[in-house]
J.: 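I'd like to ask some things about the structure below.
Here is the naming used below: chain letters follow the sequence lines, and residue numbers restart at 1 for every chain.
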2 protein chains.
Amino acid sequence: MSEVDPLGPDFAYVQVANAIAARINTGEARGRLPDGRHLAGEFGVAYQTVRHSLQVLHDRGLVVTRPGSGTFVVHPASRGG
Amino acid sequence: MSEVDPLGPDFAYVQVANAIAARINTGEARGRLPDGRHLAGEFGVAYQTVRHSLQVLHDRGLVVTRPGSGTFVVHPASRGG
DNA sequence: CTATATTTGTGCGTATGTATG
DNA sequence: ACATACATACGCACAAATATA
């Protein structure tokens, strides 16, 4: 179970972003992330919301995305700390 | 090693186009290019992606394609004047 | 002209990310 | 936050053009 709480203190996209970030930090998520539509179903949100979350992670330098390919976790070493 | 970088800043078809253009400029590629499907295997992309790349090179005037025959590098002299 | 091999060209479906309403 | 349309990318199969025997 990984659904967000619509009444939670944060917006849905923030909750999803934090959840994915946690997976990256623990090493649970490496390489290519599951596709956005799959994550949307997992978190019980719309695909666009997941996109918003990934944009946040991209802004933090945690992931990079490529059309037609997927979203990839940036190596911790490449993040400089 | 000639495969495209899935984390690269450019699309796969752009990376392939630039790689082939570099070979043409260095003279490594002359006459007829390897067939598209061979290039696809070499760069680790789909044939359709190579087609897209060759379309870009054709647009730059670097190559010409003849159906059933192959894709040929345009002579530098023909491009420079 | 027929047959075969090689190479390019096209269509369909599917996965994934991007942009807009 | 949601739905829709569009671009990039992959895989497969078939058609068309060319070269060779």
J.: Without decimals, in angstroms, what is the distance between A/Phe43 CZ and D/dC2 C1'?
T.: 19 Å
J.: A/His58 has an atom NE2; how far is it from atom P of C/dG17, in whole Å?
T.: 13 Å
J.: Ignoring backbone atoms, test whether B/Tyr13 places a side-chain nitrogen or oxygen under 4.0 Å from the OP1 or OP2 oxygen of D/dT8.
T.: yes
J.: Looking at every non-hydrogen atom in both residues, tell me the closest pair between B/Ala29 and B/Val73 and how far apart they are.
T.: O-CG2, 3.8 Å
J.: What's the closest nucleotide to the A/Asp35 side chain, out of C/dT16, D/dA9, C/dT8?
T.: C/dT16
J.: Check every atom of D/dA1, C/dT8, D/dA9 against the side chain of B/Thr71 and return the nucleotide holding the closest atom.
T.: C/dT8
J.: For B/Ser69 and B/Phe72, which heavy atoms make the closest approach, and how far apart are they?
T.: OG-CZ, 3.5 Å
J.: Considering non-hydrogen atoms only, spot the tightest contact between B/Arg23 and B/Thr26 and give its length.
T.: O-OG1, 3.1 Å
J.: Protein-nucleotides 14-21 of chain D N/O pairs closer than 3.5 Å?
T.:
none

J.: Given C/dG17, D/dA9, C/dT8, identify the nucleotide with an atom nearest to the side chain of B/Tyr47.
T.: C/dT8
J.: Which base, if any, makes a Watson-Crick or G-U wobble pair with C/dA19, both distances under 3.5 Å?
T.: D/dT4
J.: What are the two closest heavy atoms between A/Ile20 and A/Leu39, and how far apart are they?
T.: CD1-CD1, 4.2 Å
J.: Any idea which heavy atoms bring A/Ala21 and A/Leu62 closest together, and the distance?
T.: CB-CD1, 4.0 Å
J.: Send over the distance from B/His38 NE2 to C/dA5 P, rounded to a whole Å.
T.: 21 Å
J.: Report the distance from atom CD of A/Gln55 to atom P of C/dG17, rounded to the nearest whole Å.
T.: 14 Å
J.: Just how far, in rounded Å, is P of C/dA19 from NE2 of A/His52?
T.: 14 Å
J.: Mark yes or no for whether B/His58, through its side chain, and B/Val64, through its backbone, hold a donor-acceptor pair below 3.5 Å.
T.: no
J.: I'd like to know if B/Gln48 reaches the base of C/dG11 with its side chain, counting only an N/O donor and acceptor under 3.5 Å.
T.: yes
J.: Is it the case that more than 12 heavy atoms not belonging to B/Arg60 sit under 6.0 Å from its CZ atom?
T.: yes
